[in-house]
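Below: the structure, in structure tokens.
Being a predicted model, the structure only gives us computed values, none of them experimental. Order of appearance sets the numbers: ligands from 1, and atoms from 1 within every ligand.
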Amino acid sequence: MTRIVVVGSINMDLVTLAPRFAGPGETLTGDRFLTVPGGKGANQAVAASRLGASVSMVGCIGDDAFGQQLYDGLVSEGVDVTHVRRVDGVGSGTASITVAGGENSIVVVPAANGRVTPAQVEAARGIIRGADAVLVQLEIPLDAVDATLRIAQDEGVPVILNPAPAQLLPVEWLSRVRFLTPNQHELATVLGAQGESDFRELMRRAPCPVVLTRGEDGAWFRDKDEEPRHQSGFKVDAVDSTGAGDTFNAALAVYLAEGLDVAVRKACATAAIAVSRLGAQGGMPRADEVTAFLETHQ
Ligand code: RIB
């Protein structure tokens with residue numbers, strides 16, 4: 001069984017379904033409101049677990065009611081929570097999300113996610129050592145991300161860094177990454193090349209292999225010194241794109257042992273299924289659903 005460690009955020013998503021996005025100063029009547037588990041880290045952990053991986057999560061929750069719900073949610077998804085820490089006197093991370101026409105807008109309050117420390121990642125060194133891949137994003141403090149990259153490198157374990165939300169990163173960090181998985185905007189930001197619109201040129205410029213997500217257009221990928229290659233997206237009726245990138249990253253990690261081409265194709269399929277359903281984690285499929293989807297979709 002593939003073993004994955006996820007170091008990242010755990011949020012409660014406060015989701016409003018609306019006919020369209022409200023403008024500044026505008027009050028709009030929505031259609032429905034839900035509170036559902038989210039956070040890029042937890043989403044990736046749950047997606048990988050549903051695909052059949054053995055998953056351990058490293059992260060923080062608050063000592064509020066959301067924290068307990070988020071903890072219980074991870075446990076019920078079969079995720080190992082030994083390294084999920086409850087922080088006293090702090091709320092859990094939240095994301096206020098509006099979903100309209102299959103698109104979303106998100107405002108995240110990190111709260112307890114801001115308390116993930118290098119020491120907490122160090123305490124998880126043993127499970128990182130035994131992992132096939134580590135997934136990490138940028139919704140936790142950068143020193144904890146740095147610790148994750150260092151420890152995984154020490155232990156010879158490949159890291160998939162999903163640079164979201166995007167920020168400029170030291171080049172030296174990127175050289176420790178097995179795959180960077182940005183969208184086009186994130187790649188430009190990470191490399192400090194915001195004016196550059198040619199994403200293939202950006203991929204060539206990155207000091208590490210890149211798998212670049214392009215929404216409906218699928219993904220482009222470049223390992224080592226290859227030229228960027230394309231995997232088409234799968235057409236589905238989009239209901240909610242929240243968590244699609246997280247699902248993609250998890251699937252990439254889970255299927256990586258099958259080769260990069262296969263892993264990217266399966267990651268595109270897994271994300272397409274997720275987009276066709278409501279909720280970040282609500283739409284994440286199981287491995288047999290991915291297999292069935294690929295049998296009926298070109
Ligand atoms: O990637 C989607 C996630 O981003 C949401 O679940 C939300 O919590 C934010 O972290």
Side-chain angles (χ1 to χ4, degrees), residues 6-17 21 33-50 55 57-62 64 66-67 69-71 73-74 77 79 84 91-100 102-116 135-142 144-145 160-167 180-186 189-190 211-215 219 238-253 267 270-285:
V6 182
V7 183
S9 57
I10 306 170
N11 292 337
M12 187 60 84
D13 288 354
L14 314 174
V15 184
T16 300
L17 308 190
F21 295 100
F33 176 77
L34 314 86
T35 53
V36 288
K40 294 185 192 306
N43 290 346
Q44 293 181 16
V46 168
S49 182
R50 290 214 189 136
V55 183
M57 175 90 211
V58 181
C60 287
I61 51 171
D64 53 357
F66 283 164
Q69 290 169 34
L70 293 167
Y71 186 92
L74 287 168
E77 291 286 348
V79 175
V84 172
S92 298
T94 55
S96 299
I97 302 178
T98 301
V99 176
E103 300 289 337
N104 63 50
S105 73
I106 305 180
V107 178
V108 171
V109 177
N113 295 304
R115 303 300 187 93
V116 180
L135 284 160
V136 63
Q137 323 75 34
L138 301 180
E139 279 189 335
I140 55 172
L142 285 184
V145 176
I160 296 175
L161 171 59
N162 176 216
Q167 51 188 299
L180 186 71
T181 56
N183 60 27
Q184 181 171 346
H185 155 76
E186 289 161 350
T189 304
V190 164
V211 180
L212 182 121
T213 53
R214 297 265 299 162
V239 172
D240 182 4
S241 59
T242 313
D246 302 326
T247 308
F248 182 96
N249 275 272
L252 184 69
T270 311
I273 298 170
V275 165
S276 68
R277 303 170 182 167
L278 184 61
Q281 295 177 15
M284 292 168 177

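Put simply, CG on Leu17 and CG on Leu34 are 5.5 Å apart, with the number rounded to the nearest 0.5 Å. Here the CZ atom belonging to Arg50 is positioned 4.0 Å from the CD atom belonging to Glu77, to the nearest 0.5 angstrom.
Among Glu186, Glu139, Gln44, the single residue meeting the side-chain hydrogen bond (donor to acceptor under 3.5 Å, both in side chains) criterion with Asn162 is Gln44.
Side chains of Thr94 and Asn11 form no contact here, defined as non-hydrogen atoms less than 4.5 Å apart.
Judged by distance alone, the side chains of Thr242 and Asp240 do bring a donor and an acceptor atom under 3.5 Å apart.
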Tabulation required: pairs of a nitrogen or oxygen in ligand 1 and a protein nitrogen or oxygen under 3.5 Å; columns are atom names and distance to 0.1 Å; otherwise 'none'.
{"unit_1": "ligand 1", "atom_1": "1 (O)", "unit_2": "Lys40", "atom_2": "NZ", "d": "2.9"}
{"unit_1": "ligand 1", "atom_1": "1 (O)", "unit_2": "Asp246", "atom_2": "OD2", "d": "2.7"}
{"unit_1": "ligand 1", "atom_1": "4 (O)", "unit_2": "Lys40", "atom_2": "NZ", "d": "3.2"}
{"unit_1": "ligand 1", "atom_1": "6 (O)", "unit_2": "Asp13", "atom_2": "OD1", "d": "3.4"}
{"unit_1": "ligand 1", "atom_1": "6 (O)", "unit_2": "Asp13", "atom_2": "OD2", "d": "2.6"}
{"unit_1": "ligand 1", "atom_1": "6 (O)", "unit_2": "Gly39", "atom_2": "N", "d": "3.1"}
{"unit_1": "ligand 1", "atom_1": "6 (O)", "unit_2": "Asn43", "atom_2": "ND2", "d": "2.9"}
{"unit_1": "ligand 1", "atom_1": "8 (O)", "unit_2": "Asn11", "atom_2": "ND2", "d": "3.0"}
{"unit_1": "ligand 1", "atom_1": "8 (O)", "unit_2": "Asp13", "atom_2": "OD1", "d": "2.6"}
{"unit_1": "ligand 1", "atom_1": "8 (O)", "unit_2": "Gly39", "atom_2": "N", "d": "2.9"}
{"unit_1": "ligand 1", "atom_1": "10 (O)", "unit_2": "Asn11", "atom_2": "ND2", "d": "3.0"}
{"unit_1": "ligand 1", "atom_1": "10 (O)", "unit_2": "Glu139", "atom_2": "OE1", "d": "2.9"}
{"unit_1": "ligand 1", "atom_1": "10 (O)", "unit_2": "Glu139", "atom_2": "OE2", "d": "2.7"}

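Between Ala144 and Val116 the shortest heavy-atom distance is CB-O, 3.8 Å.
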